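Accompanying notes for the structure given below.
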Amino acid sequence: MDAVKKYDALGNDFFVLSAAETTDSPSALAREWCDSDSGLTVRGGETGADGLLRVESLSERTLEMELFEPDGSTSPMCGNGVRCVAKWAHNVRGHTDVTVETEARTCAATIDADGGVTVELDSPSYVDGVDEAGLRETLSVETVLGDVSLVDSGVYHLLVQVGDVAKEDLEALTEQVRRTVEPPQRINVTLWAPAAGGVDQRTYEVGVEDETDACGTGALAIGYHTDRTGVADGTVSVHPPGGELQVAVRADNAVLSGPAEEVGQVDVPL
């Protein structure tokens, strides 16, 4: 039996698996382990997870991370996942700084004095080719206060500014967005609204196919957009349901900071 560790970043939780531990299909393992009804249950914790992080060592301090979603699909980037992998490397190897390579970004991760993790990576950017004005006119939300914008923060997020993120039916809105965009496609949808002390966030994630407690790439997209539109001055506190993330947008990169911790382990045959 082998111990599979589970890590949590503001309620966004993942099983972390070293590539050296198994030759089994990580996609199949993700579908099996991450199911919220029949998946792995960490001692004293919840069943399933938001994803499986497969980690391969490219060198002592350089790791390659692949995220396998609960439906078995892969994602090119996950901000919370990168922080969990950095914390895993710290707990397993004692490193306070590592480079995490993903399909979409190269991330420099550092363990903070308070035990959180700060990640530096290339800045997000706007994506052309989506009829944002048309989407804005057709979305069934109580109040769309700003433009609907598509941002690439390693994965695509359609940002929708609303008056109060808690009042919206995020799942219904996501279904509507996916039918409306051309061509129809699965896409992350992130609601945001200015709030006391920062910006509130809710994200419906591709692959999880549900709302998650936190989304690092969604927070990065919000940080970029609020900087470019003058809502924030380059640094913003983003508040998903799970807690608080700090985002800073600089001239040539972006920074994401927040907690990540090991929450338990489960013994499985590998």
Side-chain angles (χ1 to χ4, degrees), residues 3-18 30 33-34 40 42-46 48-57 61-70 75-102 104-121 153-155 198 201 203 205 207-208 211-223 236-248 253-266:
V4 174
K5 304 293 181 64
K6 189 176 187 180
Y7 279 75
D8 179 277
L10 294 182
N12 206 190
D13 56 0
F14 308 92
F15 295 113
V16 180
L17 178 67
S18 170
W33 292 358
C34 298
L40 295 183
V42 170
R43 302 182 190 98
E46 296 180 352
D50 291 324
L52 168 64
L53 301 172
R54 180 182 182 273
V55 183
E56 183 170 357
S57 295
R61 291 180 179 270
T62 301
L63 306 170
E64 181 180 71
M65 181 192 90
E66 289 183 281
L67 168 60
F68 292 85
E69 304 281 9
S75 177
M77 174 61 192
C78 176
N80 288 335
V82 169
R83 297 204 321 281
C84 287
V85 166
K87 197 60 175 288
W88 172 86
H90 174 69
N91 291 345
V92 172
R93 301 178 178 177
H95 297 325
T96 57
D97 59 274
V98 291
T99 297
V100 181
E101 300 278 1
T102 73
R105 294 287 194 277
T106 296
C107 306
T110 303
I111 305 299
D112 301 328
D114 63 359
V117 183
T118 292
V119 178
E120 295 187 27
L121 66 167
S153 54
V155 294
Q201 171 196 4
T203 296
E205 287 197 45
V208 179
E211 180 177 359
T212 53
D213 285 339
C215 178
T217 54
L220 283 164
I222 289 171
V236 63
S237 296
V238 181
H239 308 136
E244 182 175 325
L245 293 165
Q246 299 295 324
V247 177
N253 68 0
V255 179
L256 173 70
S257 299
E261 60 182 347
E262 181 182 329
V263 293
Q265 65 181 40
V266 59

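The chain is numbered in sequence order, starting from 1. Every value quoted in this text rests on a predicted model; they were computed, and no experiment measured them.
Taking CG from Asp8 and CD from Glu262, the interatomic distance works out to 11.5 Å, rounded to the nearest 0.5 Å. Taken from OG1 in Thr106 to CD in Glu64, the straight-line distance is 10.5 Å, to the nearest 0.5 Å. Atom NZ of Lys5 and atom SG of Cys84 lie 13.0 Å apart (nearest 0.5 Å). In this structure, Leu121 CG and Asn253 CG are separated by 7.5 Å, a value rounded to the nearest 0.5 Å. Atom CD of Glu66 sits about 13.0 Å away from atom SG of Cys78, to the nearest 0.5 Å. Distance check: Ser75 OG to Leu53 CG gives 10.5 Å after rounding to the nearest 0.5 Å.
Residue Glu46 qualifies as open at atom CD: its count of foreign heavy atoms under 6.0 Å is 12 or below.
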Worked verdict on Thr217 versus Arg105 for side chain to side chain donor-acceptor pair (under 3.5 Å)
CA-CA 11 Å; Thr217 54; Arg105 294 287 194 277; over 6 Å; no

What verdict does the side-chain contact (heavy atoms from CB on, under 4.5 Å) test give for Asp13 and Lys6, after you've listed the backbone C-alpha separation in whole Å, the side-chain angles of each residue and the deciding distance to 0.1 Å?
CA-CA 7 Å; Asp13 56 0; Lys6 189 176 187 180; 3.1 Å; yes

Test side-chain contact (heavy atoms from CB on, under 4.5 Å) on Asn91 and Tyr7 and set out the steps.
CA-CA 11 Å; Asn91 291 345; Tyr7 279 75; 3.0 Å; yes

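The minimum heavy-atom distance linking Arg61 with Thr96 is given by the pair NH1-N, 4.4 Å. The minimum heavy-atom distance between Val16 and Val4, with the atom names listed, is O-CG1, 4.0 Å. Met77 and Cys107 make their closest contact through CE-SG, 3.8 Å (heavy atoms, listed as atom of the first residue, atom of the second, distance). Annotation for Gly243 and Leu10: closest pair CA-CD2, 3.8 Å, computed over non-hydrogen atoms. Across Gly264 and Val42, no two heavy atoms sit closer than the pair CA-CG1, 3.4 Å. The shortest non-hydrogen separation linking Ala214 to Glu205 is O-OE2, 3.5 Å.
Not a single donor-acceptor pair under 3.5 Å links the side chain of Lys87 to the backbone N or O of Pro259. The main-chain N or O of His95 is found under 3.5 Å from a side-chain atom of His90 such that the two form a donor-acceptor pair. A donor-acceptor pair under 3.5 Å is absent between the side-chain atoms of Asp112 and the main chain of Asp114, judged by distance alone.
When only modelled atom types and interatomic distance are considered, Asn12 and Thr212 share no side-chain donor-acceptor pair under 3.5 Å.
Test Val117, Val98, Val100 against Val85 for side chain to side chain contact (heavy atoms under 4.5 Å, CB included) and you get one pass: Val100. The residue from Val82, Val55, Thr99, Thr102 that alone fulfils the side chain to side chain contact (heavy atoms under 4.5 Å, CB included) condition with Leu63 is Val55.
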